[in-house]
Amino acid sequence: MDTFFLAIGVILVAGILPLTISRQFNLMKSSCLLLMAAGCVIGLSEVLSFLSNSGEAAAANWAWLQIFTLSFKLDTISAFFLIPVFLISPLALLYSFHYLEKPEQSTRTALNYFCYAILVASMALVATANNIVTFALAWELMSLSSFFLVVYEYQAKETRRAGYLYFIFAQGGAMFLFAAFGLIYSHTGSFSFEQVAAIPENIKLLVFILAFIGFGSKAGIFPLHIWLPHAHPAAPSHVSAVMSGVMIKMGIYGIVRIYSLLGSVDMTFAVIVIVAGMITGVLGVVYALGKQDMKKMLAYSSVENIGIILMGLGIGMVGVASGVKTMAFFGFAGAFLHVFNHAIFKSLLFMGAGAVLHKTGTRSINQLGGLMKRMPTTGRSFLAGSIAISGLPPFNGFIGEFLIYFGAFQGLGLHGLPFVLTTLTIISLAVVGGLATACFTKAVGLAFLGEPRSEAAAKADEAGFTMQLVMVLLAASCLLIGIFPEPFVQLAFNGMRDLNLVGAADPGLFLTLVRNIAMTASLFLALIIGITLLRRMLYVRKQVERGPTWGCGFTQPTVRMQYTGTSYAMSMVDFYRPFVPAKTVYSGISKIFPGLTTYETRVEDLAEKYIHRGLIRPLVKYLHKLRWIQHGKIQLYIGYIVLAIVALLIFI
Amino acid sequence: MLELVFIVPILTGIIAAFIPVQLGRGVLLVSAVLHLQITLMGWLGKISPAATGYFNSAPEGMLVLLVTSFIFLFISIYAVSYMKETQMNNESVFIGCMLFFLASMSMVALADHLIVLWIAIEATTLVSAPLIFLNRSKAALEATWKYVLICSVGIALALLGTFFITLSMDLAGVDVPLTFSSLSAVAAQLNPIWLKAGFIFIIIGYGTKMGLAPMHTWLPDAHSQAPSPASALLSGALLNCAFLGVYKVHTLMYGAGMGDYSSQVLIAFGLISMVVAGVFILNQSDYKRMLAYSSIENMGIIAFGIGIGGLATYGAMLHLVHHSLIKSSLFLSAGNILMGYGTKQVKRVGNMAQLFPKSFGSLFAGFAGISGFPPFGIFISELLIIIGAFQSGQYLSVTIFIFSLVLIFAGAARIVMRMSFADTDQEVLVEEKMLRVLPSYALLLTSLALCVWLPDQLYQTILNAISVIGGAVHG
Amino acid sequence: MIQLADAFLAVILLSVLLSLASNRLKALVKIMALQGIMVSLIPLFLAQHQTLEGGALLLMQVMILIKGLLIPGMLFMAVKRVSIRREIEPIIGYHASLFTGLMLILASAFITDRLQVAMPGNQVLLMITAITTLSAGLFLMMSRRKAITQVIGYLMMENGIYLIGTALAKQTHTMYVVEFGVLLDLLVAVMVMGIILNNINSAFDDVDTGFLEELKD
Amino acid sequence: MESIISFGIAMLAAPLFPGVILKMKAFWAGKKGPPLLIKYYTFFKLLKKGSVYSNSTTFVFKMGPTVSLGAAIMALLFFPLGGTAPILAFEGDVILIFYMLALGRFFTICAALDTASPFEGMGAAREAYYSTLAEATVFVILVLFYRLSGALSFAEFFSGPAPITVMGPAGALLLLVIVSLFMVLLTENSRVPVDDPATHLELTMIHEVMILDHSGPDLALIELGAFYKLFFYAAFITHILHPLQYGAPWVNGLVFYGIMALIYAAVGLTESIMARFRMNLVPKFILTSFALVFFATILTMGVIK
């Protein structure tokens, strides 16, 4: 545990140091980076060695403010969730070296690094916090620091709006958590997490629901996700990478943690999680498909992946509740692994989108195109990330999804509700998988392939060195994990050790399965290489020419005739119409010789629309009516006092 | 002779009225330091009240005294710079009234006798009225008028309540001095009906002063119109003093076995205050009024916490301390902003992060603190109150409580973000002077420091204060 | 003696009703002076106050001085200076006010009746008068537009509180403090209000509270 | 060894069967039609040619044919062709296979978008759309099969002691599956009524329009991949129709290819008697297939305890 705190200390120093030397811009950046890397490596080594040894959970306690203890415990679940924290954070910071390259904004950059370090440290503390107060403290610090990171580019109105929305959701979610904690405390009479399992069953359910809402608002569960597609695009890309890749996983961590603490085998928990997961997954990906803003699309895709993770957890919970051990085991393992994998490819994709934004100044897919030639490294990495996030073999995204599928299939032998749930989960996973493929073919195909749709895209060039380096690293690890999944699955496996409900399942089945997948993946790669070689041979001494694209008889095709993101996605989005309201703005043609006409289709977020229309607006309206009470008339003010007395005297 | 805490400021206040203003500023600072020193000596047990029939050093009083004294020191530092820069024309009135104000509040903190407490609270109204009226604008006039009239009515009712308590003594045939310390010993014998009536009138009366809705109506006007150091004092110290009155009567009720009733009343007032504050913080256009409503909210939180009992009382007391520190800091920042931008309108202030970075820092930190983000203390107090409320099974109340917290947060965040980040065409009129910025940071840092390390003596004092009403901490 | 006390109380009640019906400010101030003196004299006739000490007597004299002369005198000056004679269009009209006054008396009688069990001595009329005065004072503050009338309402309310105090409390060691408190309160509060009144007048050329409704949300 | 031979035969025979479709269509149209081996001829003709690449394209364009062919071959590797054990099999391979096919589609779509042609974009969008729906159907079929066999592998579905077949105890349910799988076959392989590979109007195509810019050996690889994919689906249906458990491998093989020919003929028949759907009817068509298997799956809740 000491090593862990050493790591936290180093990370904090990495944050504080830039504040003192913000004048030397590059020195500041590199020193912060070095310290952060050092801290994270220390932390990572501690965590990994902890995971690989079957040691007891390490704990540390300090007395704080007389009545509290700051209590930390490193068990395998925390350790597993710490891996992305320590892995992605330094990489994203390295990426930011070339991303934040305005020396005139050195103070702001320093502050950004400071908040970044606080965020990393607080995430690590969230994952190890072992009592109510410690958890709440770390959680709130995490929200606050990430808020500052989101509003980094505060000049833009959009950013301010996004920051505001995030702030509200962060605090609102925290309040639900506090409520859950309050409920826990009221039954255990202690701040500690240890006795949580002792509270009555019906209260457990309430605690779980409250905590689920609280954590869900951080993780981005539908319909609590609406801050996500605003905040992630608004934040600088290294921050979105960490927020999307790592921070929202803390919400998942919270759900896993509270589930494990409650230690209840009630099916209701599973139903809640699985249903939320299905809705989140399917709607997340449909919205992602409908969005033409690259970072927004990625944000919705994070929502989708949270849905997949929840489905995995839900399958695990169904397994626990109905006593099917393999199902439980595979469900949780899949969810855990997907947490890890998603951290890698989502941060990769955000970095790719960030590089594009950095070089072209636009996030709109409809303005991009042809970047694969202009930004080859970024393009290739983004392609790798896209395949991975679509859950396709032989990349890492498939492994997690496969485990979840496998777990879900194990549940098909059940009867009644569990059977229906697992069937629906499998269908949802399939639909999500298909749509994710559609979504990311759109991203790759329209932003990186084809011809540039705007001047800015045509003039783009490759991103800075550190940015490329990080992306290549991440892309390589996507493929690596896909082909050699065994150690990583083992990691997830070890991570679940302290998830007391699951118990030890048969690792043999697991490992055979994983080895089979690995073998198939390698075989597939070999096959592809083989076919490629064959293709080379077929082209030996053949005439190969270059020419314009076949225009099907159109003599003067322009780049503007290319399919856009909107047109690509619209029929699919249309299919989900009632849940995905699309708004069409069409100016129409009224004259014989039509002038400038516009046609635009936008996908609106159902949750956002209805929360705004059905909740916020009426609430504000009715509260606004109450403002009458402060009307400035002193006579009535005295009347209030009299009224208060009368009211109290009546109730005497 | 702990009475020195109010005798000294009275004397220096009188002196300040007769000497040149430059010296007066010095007198203000010296008195503040002296006051803090006497307070600390009182805390260390070196001196205790001499007129024991009228004053005593009850733990809750000592807590309020310390907070008042502490923030007064920083406010006076700020005020010195503020006076210089605003070219205040009636500075001696300002200094004198500040000192008298301090004296009257210290007296409230020490008062043990019911009537002395009442007199002292009434005195706070009267000596602070000139502070609010200092600008001599029409709006200030209106605010002062409302302040004086509404508070006077409220306090007159509190007097009636005090009569009822003496009556409850007489009817029960209890013959003890009319002090809280002796009454609480015999509280169980008091006539319950008249004690209850007394409680009602006193909570209405002092509640008016404390800013509990629906008797809060004067507060936003007064706090927004007063010059910023005075607003800081009004919000940070005066409200606590009024709360002290409510709290002491609540202890009597608790002692008499009617704690449930008074708790319910406190919870109700607390929640109404929070909801009302939420209503007005949402879409508020004047940032000083926003802060004023936030004070109403926080008084509501304190009342709620006290009403809930148990763990929440500890939270409420902590909340009192931290709210005073943070809110006075916020009012000082608001003063800087007002000087810098020359307007109280939220929509005309903007881009503070760039134009007004130091005040931006203190404003935003203060906002984060008041909204319950760590590392500031309100995080702990709110958490404790919520936990306490769950523990006592007040599910409906805690739902409203959380709802209003979120509501207020949403409203305040909008305003603060608009001021900090949005564009503005307003020019900055005055630069940020160190002397005006440091006090608000110092106050925030104190809250932060108390969140890292709470002196045992402070902790013990809070425990002593709340043990009377059954408040305790476990775990 | 008791009859005399009742007569005094009747006069006080009458003054309350009169003040509710009066639209002339000068008359109102005069009524208040009368009421103040009557209220100050009441303790003389009460059973539990039979043995008046020197201190109490002195205090009573001071009270008469302040309530009967000083404050009304000040108000009178204020009325003169602001050169307004009438209360314009009260929020609740004079007839209605008068009617409300009567209702208040009824209500007070009802409340007193309810409280009977818990009261010391047997001062039913005193209690009725006290509550009426108190509530009428509040009513006056709520129903009139001129700031000066509101000060008068406040005075009336204080009178009521003082009456309740004397009615309920025994002449014990606490009493001096009570009376001292009331006096201090009255004196300082009304003086502060007077100053503000003056300022209101010079700022707005009127003391109509209609001008004082700018601060709102 | 048996498996490898069987696989080899399949690899070689796959281009033969599309010829059956053409013959069938010609028969119904009263024409003579192209020779049965037409697909082999065109394949070798294409291999001999060179290629023209669009200026817009990148390496992704060239990866399209490679990956789609690779994915289709992978699918056949795991399939128990003609009752022989597949070359590769493990628990859960079905999931992997269908995801492999999705990977092939991913690259086909990307390759189409790489050309910057509006028509190819259109085709890509349709392909992506319809396959998301078809995928759901496929996975419900897997759910049903798991219910029936308790396994997640083609080998165990069809070659175990209790193979899944219409002749088996749950035959009635499987009839529904066959119908729906046939619909998936039509969809995934771009046959009429979902798509018309023989039309002339690019606007109405799906798969054909996506590969407009491919030429020479690239096109040949794509065609080959398409044959294998079609073969895979047809084999899938064949196994459900009839359990290939005659003991002697060559009997199995003969029966297998006989039924295969029938299925291809059925495809040809469908193409002859039906016209291509309007685009907005296609989703309904696929959803029908989904509904059929979903219904079957729900029925298992009662039938199989």
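So you know, we letter chains A, B, ... as the sequences are listed, proteins then strands, and number each from 1.
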- Task: Give, for atom CE of Met561(A) and atom CZ of Phe119(D), the distance between the pair rounded to the nearest 0.5 Å.
- Result: 6.0 Å

- Closest approach of Gly92(D) and Phe402(A), non-hydrogen atoms and distance? O-CE1, 3.2 Å

- Query: Under a 4.5 Å heavy-atom cutoff, which of Arg541(A), Gln543(A), Met570(A) has the most pairs with chain D?
  - Reply: Gln543(A)

- Exam field: side chain Arg147(D) to backbone Leu412(A), donor-acceptor pair closer than 3.5 Å: yes

- Item | Toward chain A, the part of Leu96(D) with a non-hydrogen atom under 4.5 Å | both

- Query: Highest number of heavy-atom pairs under 4.5 Å with chain D: which of Thr423(A), Ile387(A), Thr512(A)?
  - Reply: Ile387(A)

- Based on non-hydrogen pairs under 4.5 Å, which of Pro283(D), Ala220(D), Gly150(D), Gly50(D) is most in contact with chain A? Gly50(D)

- Task: Measure distances from Phe59(D) to the heavy atoms of chain A and classify the residue's part below 4.5 Å as side chain, backbone, both or neither.
- Result: side chain

- Is the Phe139(D) ring parallel, tilted or perpendicular to the Tyr405(A) ring (thresholds 30°, 60°)? parallel

- Query: Are Pro217(D) and Arg535(A) close enough that some pair of their side-chain heavy atoms sits under 4.5 Å apart?
  - Reply: no

- Message: Determine whether Val444(A) and Val60(D) satisfy the following criterion, side chain to side chain contact (heavy atoms under 4.5 Å, CB included), listing intermediate values before the conclusion.
- Response: CA-CA 10 Å; Val444(A) 174; Val60(D) 178; 5.8 Å; no

- Please confirm whether Arg515(A) makes a cation-pi placement over Phe90(D), using NZ or CZ under 6.0 Å from the six-membered ring centre and within 45° of the ring normal. no

- Item | Thr66(D), part contacting chain A, at a heavy-atom distance under 4.5 Å | both

- Task: Test Ile528(A) against every option in Ile73(D), Val67(D), Leu69(D) by the side-chain contact (heavy atoms from CB on, under 4.5 Å) rule and name the one that passes.
- Result: Val67(D)

- Task: Rounded to the nearest 0.5 Å, what's the gap from CD on Gln410(A) to CG on Leu152(D)? Could you check?
- Result: 7.0 Å

- Pairwise distance CZ(Phe575(A)) to CG(Asn280(D)) - rounded to 0.5 angstrom: 12.5 Å

- When Leu523(A), Val432(A), Leu449(A) are compared by non-hydrogen pairs under 4.5 Å with chain D, the top option: Leu449(A)

- Under 4.5 Å to a heavy atom of chain A? For Val143(D) that would be both

- Query: Checking Phe419(A) against chain D: side chain, backbone, both or neither under 4.5 Å from a heavy atom?
  - Reply: side chain

- Select one option (side chain, backbone, both, neither) describing which atoms of Ile109(D) are under 4.5 Å from chain A's heavy atoms. side chain

- Exceeds 12 heavy-atom contacts within 6.0 angstrom, atom NZ of Lys542(A): yes

- Short side-chain to backbone donor-acceptor contact, Lys373(A) and Ser56(D), under 3.5 Å: yes

- Can you measure from CD (Glu120(D)) to CH2 (Trp550(A)) and round to the nearest 0.5 angstrom? 11.5 Å

- Taking all heavy atoms of Ala71(D) and all of Phe524(A), pick out the closest pair and write down the distance. N-CE1, 3.7 Å

- Note on the structure: Closest non-hydrogen contact found for Ala102(D) with Leu392(A) is CB-CD2, 3.6 Å

- Query: Closest approach of Thr132(D) and Ala438(A), non-hydrogen atoms and distance?
  - Reply: CG2-CB, 4.5 Å

- How many angstroms lie between CG in Leu429(A) and CD1 in Ile95(D), if you round to the nearest 0.5 Å? 9.5 Å

- Message: At a 4.5 Å cut-off on heavy atoms, which part of Ser390(A) comes close to chain D: side chain, backbone, both, or neither?
- Response: both

- Heavy-atom contact with chain A under 4.5 Å, split by part of Leu88(D): side chain

- Between Ala124(D) and chain A, which part of the residue has a heavy atom less than 4.5 Å away: side chain, backbone, both or neither? both

- Starting at CD of Glu127(D), measure out to OG1 of Thr437(A) and round the result to the nearest 0.5 Å. 11.5 Å

- Item | Minimum heavy-atom distance Pro118(D)-Tyr563(A), with the two atoms named | O-CD1, 3.6 Å

- Item | Interchain contact, Leu533(A) with chain D, by part (heavy-atom threshold 4.5 Å) | neither

- Message: Can you confirm whether Met372(A) sits close enough to Asp114(D) that some side-chain heavy atom of one is under 4.5 Å from a side-chain heavy atom of the other?
- Response: no

- Task: Could you walk me through whether Phe398(A) and Leu103(D) pass the side chain to side chain contact (heavy atoms under 4.5 Å, CB included) test, one step at a time?
- Result: CA-CA 11 Å; Phe398(A) 175 71; Leu103(D) 179 72; over 6 Å; no

- Task: Using atom types as modelled and distance alone, determine if a side-chain donor or acceptor of Lys62(D) lies under 3.5 Å from a backbone N or O of Thr532(A).
- Result: no

- Is a donor on one side and an acceptor on the other found under 3.5 Å between the side chain of Thr549(A) and the backbone of Thr115(D)? yes

- Query: Side chain, backbone, both or neither: which part of Glu401(A) has an atom under 4.5 Å from a heavy atom of chain D?
  - Reply: side chain

- Message: So which atom in Ala116(D) and which in Gly450(A) form the shortest heavy-atom distance, rounded to 0.1 Å?
- Response: CB-CA, 3.7 Å

- Item | Side chain / backbone / both / neither for Tyr130(D) at chain A, heavy atoms under 4.5 Å | neither

- Is Asn55(D) reaching over with its side chain to a backbone N or O of Arg546(A), donor-acceptor style, under 3.5 angstrom? no

- Query: Among Leu133(D), Asp218(D), Thr58(D), Thr137(D), which residue forms the greatest number of heavy-atom pairs with chain A at distances under 4.5 Å?
  - Reply: Asp218(D)

- Query: With only heavy atoms counted, which part of Phe409(A) is less than 4.5 Å from chain D, the side chain, the backbone, both or neither?
  - Reply: both

- Query: In terms of heavy-atom proximity below 4.5 Å to chain D, should Val559(A) be classed as side chain, backbone, both, or neither?
  - Reply: neither

- Message: Between Phe106(D) and Leu383(A), does the side chain to side chain contact (heavy atoms under 4.5 Å, CB included) criterion hold? Intermediate values first, please.
- Response: CA-CA 11 Å; Phe106(D) 186 99; Leu383(A) 177 65; 3.9 Å; yes

- Item | Proximity breakdown for Leu287(D) and chain A, heavy-atom pairs closer than 4.5 Å | side chain

- Message: Let's test your reading of the structure: which of Arg105(D), Glu135(D), Met122(D) forms the most heavy-atom pairs below 4.5 Å with chain A?
- Response: Met122(D)

- In terms of heavy-atom proximity below 4.5 Å to chain A, should Phe98(D) be classed as side chain, backbone, both, or neither? neither

